[in-house]
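Residues take their numbers from the sequence shown, with the count starting at 1.
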Amino acid sequence: MRSLRSILKIKGVVTTDYPSVDHIPYEGYLGMPEVDTSRCDLSGRCALACPSGAIVLTDRSVRIDLGLCLFCGECVRACPNSAITMTKMYELANKDRGMLEVDFFVR
């Protein structure tokens with residue numbers, strides 16, 4: 001079994017200047033999902049497609065639990081109105097679990 005030191009020598013240590021220098025996610029990165037409330041018709045297809053059950057619909061809103069979200073993009077593919085997009089937002093850590101539940105109120 002190789003030691004961590006030998007593995008680091010083989011692969012090299014990669015570091016960045018983050019957070020003092022802005023990090024730009026790579027092309028195709030799937031960050032926090034966002035709902036365009038003007039396009040959403042509350043069909044529920046996104047919730048049915050979500051493998052982790054992170055999406056819950058009410059009669060007026062779409063709630064996404066970022067603590068459960070796998071950031072897989074299945075909700076985006078399932079939405080018939082293209083109301084959901086995956087943003088590049090990745091700084092989602094929070095000390096309060098309740099702050100990971102995001103509500104999008106549909107017009």
Side-chain angles (χ1 to χ4, degrees):
M1 180 170 221
R2 291 188 213 165
S3 70
L4 178 60
R5 185 171 297 207
S6 66
I7 292 170
L8 291 177
K9 283 183 182 178
I10 292 170
K11 294 189 176 195
V13 177
V14 179
T15 60
T16 64
D17 292 328
Y18 177 81
S20 61
V21 175
D22 287 340
H23 171 73
I24 300 170
Y26 58 86
E27 185 66 32
Y29 175 82
L30 301 178
M32 183 181 119
E34 185 173 70
V35 178
D36 180 347
T37 56
S38 66
R39 299 180 85 165
C40 181
D41 65 0
L42 295 172
S43 70
R45 291 183 187 172
C46 57
L48 292 173
C50 182
S52 64
I55 301 175
V56 176
L57 274 70
T58 67
D59 59 338
R60 310 175 333 147
S61 70
V62 178
R63 173 174 281 181
I64 301 177
D65 186 336
L66 299 173
L68 295 176
C69 183
L70 301 174
F71 306 94
C72 65
E74 288 299 315
C75 55
V76 174
R77 290 183 276 285
C79 182
N81 301 321
S82 301
I84 302 177
T85 56
M86 301 300 284
T87 67
K88 300 284 186 196
M89 187 184 301
Y90 60 90
E91 293 178 321
L92 304 174
N94 203 301
K95 292 181 180 180
D96 182 1
R97 174 75 173 84
M99 296 299 291
L100 294 175
E101 294 177 350
V102 182
D103 288 309
F104 297 92
F105 292 96
V106 177
R107 299 177 195 158

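- Atom CZ of R77 sits about 8.5 Å away from atom CE of M86, to the nearest 0.5 Å.
- Side-chain atoms of L57 and C46, non-hydrogen and from C-beta on, do get closer than 4.5 Å to each other.
- Checking side-chain atoms of S52 against main-chain N and O of L68 turns up a donor-acceptor pair under 3.5 Å.
- The hydrophobic cluster containing I55 also contains L66, counting ILVMFWY residues as joined when their side-chain heavy atoms lie under 4.5 angstrom apart, directly or transitively.
- Judged by distance alone, the side chain of T85 and the main-chain N or O of T87 form no donor-acceptor pair under 3.5 Å.
- The side-chain contact (heavy atoms from CB on, under 4.5 Å) check on D59 picks up nothing, with sequence neighbours excluded.
- Judged by distance alone, with hydrogens and angles left aside, the side-chain atoms of D36 form a donor-acceptor pair with the main-chain N or O of S38 at under 3.5 Å.
- A donor-acceptor contact shorter than 3.5 Å is absent between the side chain of R63 and the backbone of V56.
- Between F104 and C40, every side-chain heavy-atom pair lies at or beyond the 4.5 Å cut-off.
- Separating the CZ atom in R39 from the SG atom in C79 is a distance of 8.0 Å, to the nearest 0.5 Å.
- The line from CG of L100 to NZ of K95 is 13.5 Å long, rounded to the nearest 0.5 Å.
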Subject >> Criterion side-chain contact (heavy atoms from CB on, under 4.5 Å) on L48 and C50, from CA distance to verdict >> reply: CA-CA 6 Å; L48 292 173; C50 182; over 6 Å; no

Original post:
When you look at D103 and R60, which way does the side-chain contact (heavy atoms from CB on, under 4.5 Å) test go after all the steps?
Top reply: CA-CA 10 Å; D103 288 309; R60 310 175 333 147; over 6 Å; no

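- Qualifying side-chain hydrogen bond (donor to acceptor under 3.5 Å, both in side chains) partners for S82, counting only residues two or more places apart in sequence or in other chains: none.
- For the atom pair OG1 (T37) and CG (L42), the distance works out to 10.0 Å, reported to the nearest 0.5 Å.
- Identified under the side chain to side chain donor-acceptor pair (under 3.5 Å) test for residues 20-30, with sequence neighbours left out: none.
- A single hydrophobic cluster is not seen to contain both V62 and M99; linkage of ILVMFWY side chains at heavy-atom distances under 4.5 Å, directly or through other members, places them apart.
- Looking only at side-chain heavy atoms (C-beta outward), V106 and S61 stay at 4.5 Å or farther from each other.
- Summarising the geometry, atom CG belonging to L30 is positioned 8.5 Å from atom SG belonging to C72; distances are rounded to the nearest 0.5 Å.
- When all heavy atoms of K88 and G28 are compared, the closest pair comes out as NZ-N, 3.6 Å.
- Two different hydrophobic clusters hold I84 and Y90 under the rule that ILVMFWY side chains link at heavy-atom gaps under 4.5 Å.
- Using a 4.5 Å cut-off between side-chain heavy atoms of Ile, Leu, Val, Met, Phe, Trp and Tyr, with links allowed through other members, V35 and F105 fall into different hydrophobic clusters.
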